[in-house]
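Every number for a ligand or one of its atoms is a count from 1 in the order of the listing.
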Amino acid sequence: TGLIVSFGEMLIDFVPTVSGVSLAEAPGFLKAPGGAPANVAIAVARLGGRAAFIGKLGDDEFGRMLAGILTQNDVSDSGVMFDQGARTALAFVTLRADGEREFMFYRNPSADMLLTPDELNFDLIRCANVFHYGSISLIVEPCRSAHLKAMEVAKDAGALLSYDPNLRLPLWPSAEEARKQIMSIWDKADVIKVSDEELEFLTGRIDDESAMSLWHDNLKLLLVTLGEKGCSYYTKNFHGEVPSYKVKTVDTTGAGDAFVGSLLLSIVDDYSIIEEEQGLKEVLKYACACGAITTTKKGAIPALPTRPQVLKLVHGSLSAWKDYILTLL
Ligand code: ATP
């Protein structure tokens, strides 16, 4: 299969051992490796695809641990750099009473912010069939220039560009700046995924009209994820919704990244599948199943599904899936 290269931050979330308490009240914290672009790369590999991650880590124990997690999960680390001065990024996460996550970041600056254009592995970027990124890497220099350069090189080499803004408001100087910078690279992407909260942040509303106001001429597919409700899809010719699956949710971290990983793997070899509505709905069914499964376990990376798990959820049981395959032969 084709290669999916994901660019951006990889960090460690520190999650309280007890939920529903403030950071000050938390008796202890568990390390939860993450960073949306890294999660996407691991999601792809877990499903059997080829993935690489590009980003910078601190030359410290946490940085080496994160690089190890990439390779243990069969994600290429050939685009990973280590900074000799700055530390690996950390974030302390609390679950608010309304179920939303709140982040407190330690980035002053952290290694991920210090990736320079010169440090990019251009050979790797030119091999990408899909190049995926978020918006956190746009916040400060020199990482911002590295991000823009990598996008340009990937596009020139013929990659499909995939964008999941992954808004983290506390990292931006202001909401206005976040909106401006997130939109500054909007029209470069071929595929864009936003959550319903991000749609509201960008347009002020959550409905078909507001989603369609985000359309741009070169876009092939726009997705809005709706948590347990599934997702909405928009293309030049049609739009609709795909429901998710009922599961026992314990922690939604990484659901969006699993969704994106599955989607990108489905389209990496032939994205003409998304031009036809039935084909796209089938692709999104699997993406929703991946998101749903990811919510059934604590943490993002440990919860990302394998292909048999997804097939089981979509087709009821593995044997039902085998029967389904036989009908196709
Ligand atoms: P993230 O928390 O990773 O930032 P997100 O907000 O980008 O996630 P979500 O909408 O939470 O994305 O989830 C992505 C997809 O995962 C949804 O479109 C849905 O298909 C599936 N999903 C998420 N939460 C649930 C749930 N509680 N039950 C079933 N499916 C879910």
Side-chain angles (χ1 to χ4, degrees), residues 6 8-11 13 15 19 32-44 46-47 91 93-96 98-103 105 132-136 162-171 178 182 191-202 206 211 214 221-234 239-266 280-305 309-310 312-314:
S6 191
E9 67 287 355
M10 185 173 197
L11 50 85
D13 284 338
V15 186
S19 53
N39 291 345
V40 169
I42 295 174
V44 168
R46 185 82 41 93
L47 292 168
V93 185
T94 37
L95 207 58
R96 288 198 322 231
D98 63 4
E100 283 301 310
R101 282 173 294 150
E102 207 156 37
F103 296 86
F105 292 93
H132 174 78
Y133 47 86
S135 69
I136 291 174
S162 159
Y163 184 24
D164 174 354
N166 253 298
L167 176 68
R168 294 286 179 265
L169 211 42
L171 293 180
I182 285 172
V191 175
I192 298 176
K193 175 251 162 202
V194 291
S195 65
D196 42 7
E197 293 101 341
E198 286 159 348
L199 175 61
E200 186 168 24
F201 174 76
L202 292 171
I206 307 175
L214 291 174
L221 176 62
L222 172 66
L223 295 161
V224 181
T225 52
L226 310 166
E228 62 181 358
K229 292 209 286 289
C231 68
S232 304
Y233 56 85
Y234 304 85
H239 70 89
E241 278 192 20
V242 172
S244 189
Y245 294 83
K246 267 224 158 338
V247 291
K248 284 202 184 103
T249 295
V250 296
D251 174 10
T252 62
T253 311
D257 306 326
F259 177 96
V260 170
S262 171
L263 164 77
L264 297 181
L265 183 56
S266 297
L280 174 61
K281 282 174 103 159
E282 195 69 10
V283 162
L284 295 178
K285 223 163 75 176
Y286 286 91
C288 284
C290 285
I293 294 169
T294 305
T295 71
T296 61
K297 236 183 176 181
K298 264 195 161 179
I301 294 171
L304 295 170
Q309 282 176 289
V310 183
K312 195 166 166 216
L313 184 60
V314 172

Peer 1: Quick one: does ligand 1 sit under 4.0 Å from the side chain of Asp164, the backbone, both or neither, non-hydrogen atoms only?
Peer 2: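 For Asp164, there is no contact with ligand 1 at all, from either part.
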Peer 1: Could you check atom 4 (O) of ligand 1 against the protein and tell me its nearest heavy-atom contact, residue, atom and distance included?
Peer 2: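 Protein heavy atom at minimum distance: Arg101 NH2, 3.8 Å.
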Peer 1: Could you tell me which residues satisfy side chain to side chain contact (heavy atoms under 4.5 Å, CB included) with Ala38, sequence neighbours excluded, listed by chain and number?
Peer 2: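 For Ala38, the residues satisfying side chain to side chain contact (heavy atoms under 4.5 Å, CB included) (neighbours in sequence not counted) are Met10, Phe53.
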Peer 1: Quick test: of every protein heavy atom, which one is nearest to atom 29 (C) of ligand 1, and how far off is it to 0.1 Å?
Peer 2: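 I find the closest protein heavy atom is Tyr245 O, 3.1 Å.
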Peer 1: Could you check whether any heavy atom of Lys246 sits closer than 4.0 Å to an atom of ligand 1, since that is the contact criterion I want to use?
Peer 2: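 The answer is no, since Lys246 has no heavy atom less than 4.0 Å from ligand 1.
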Peer 1: Quick check: does Arg168 get an N/O under 3.5 Å from an N/O on ligand 1?
Peer 2: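 No; the residue has no nitrogen or oxygen that sits under 3.5 Å from a nitrogen or oxygen of the ligand.
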Peer 1: Considering only protein heavy atoms, which is closest to atom 30 (N) of ligand 1, and at what distance to one decimal place?
Peer 2: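 Atom 30 (N) of ligand 1 sits closest to the protein heavy atom Ser244 OG, 2.7 Å.
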Peer 1: Is the terminal nitrogen or CZ of Arg168 (NZ for Lys, CZ for Arg) located under 6.0 angstrom from the six-membered ring centre of Phe105 and within 45° of that ring's axis?
Peer 2: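 Not flagged: Arg168 not positioned over aromatic ring of Phe105.
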Peer 1: Of all the non-hydrogen atoms in the protein, which one sits nearest to atom 13 (O) of ligand 1, and at what distance?
Peer 2: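 The protein heavy atom lying closest is Ala255 CB, 3.6 Å.
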Peer 1: Looking at CG of Asp257 and CD1 of Ile301, how far apart are the two atoms once the value is rounded to the nearest 0.5 Å?
Peer 2: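 Spacing of CG (Asp257) from CD1 (Ile301) equals 9.5 Å.
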Peer 1: Could you work out, with side chain to side chain contact (heavy atoms under 4.5 Å, CB included) as the rule, every residue matching Thr253, not counting sequence neighbours?
Peer 2: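 Once residues adjacent in sequence are excluded, the partners of Thr253 under the side chain to side chain contact (heavy atoms under 4.5 Å, CB included) criterion are Arg101, Asp251, Ala300.
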Peer 1: Which residue from Gly291, Gly230, Ala292, Ala36 reaches closest to atom 18 (O) of ligand 1 through any of its heavy atoms?
Peer 2: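 Among Gly291, Gly230, Ala292, Ala36, the closest heavy atom to atom 18 (O) of ligand 1 comes from Gly230.
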Peer 1: To the closest 0.5 Å, what do you measure between CZ (Phe259) and OG1 (Thr294)?
Peer 2: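 So the gap between those two atoms works out to 11.5 Å.
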Peer 1: Backbone N or O of Asn166 within a donor-acceptor pair of the Glu198 side chain at under 3.5 Å?
Peer 2: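 Yes.
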Peer 1: To the nearest 0.1 Å, how far is atom 10 (O) of ligand 1 from its closest protein heavy atom, and which atom is that?
Peer 2: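 For this ligand atom, the closest protein heavy atom is Gly227 N, 2.8 Å.
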Peer 1: Roughly how far, to the nearest 0.5 Å, is the CG atom of Leu284 from the CG atom of Leu221?
Peer 2: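 Leu221 atom CG to Leu284 atom CG measures 6.5 Å (nearest 0.5 Å).
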Peer 1: Identify the closest protein heavy atom to atom 8 (O) of ligand 1: which residue and atom is it, and at what distance?
Peer 2: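 Heavy-atom neighbour on the protein nearest atom 8 (O) of ligand 1: Gly256 N, 3.2 Å.
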Peer 1: Could you pull out, from Glu197, Glu228, Lys285, the option with a heavy atom nearest to atom 26 (C) of ligand 1?
Peer 2: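 Looking at heavy atoms only, Glu228 sits closest to atom 26 (C) of ligand 1.
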Peer 1: Tell me: protein heavy atom nearest atom 12 (O) of ligand 1, and distance?
Peer 2: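 Nearest protein contact, heavy atoms only, for atom 12 (O) of ligand 1 is Thr225 OG1, 3.3 Å.
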Peer 1: Just wondering, are more than 12 heavy atoms of other shown residues or ligands nearer than 6.0 Å to CD in Glu228?
Peer 2: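 Open: at most 12 neighbouring heavy atoms sit under 6.0 Å from CD of Glu228.
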Peer 1: Give the residue, atom name and distance (to 0.1 Å) of the protein heavy atom nearest atom 27 (N) of ligand 1.
Peer 2: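 Atom 27 (N) of ligand 1 sits closest to the protein heavy atom Thr249 OG1, 3.0 Å.
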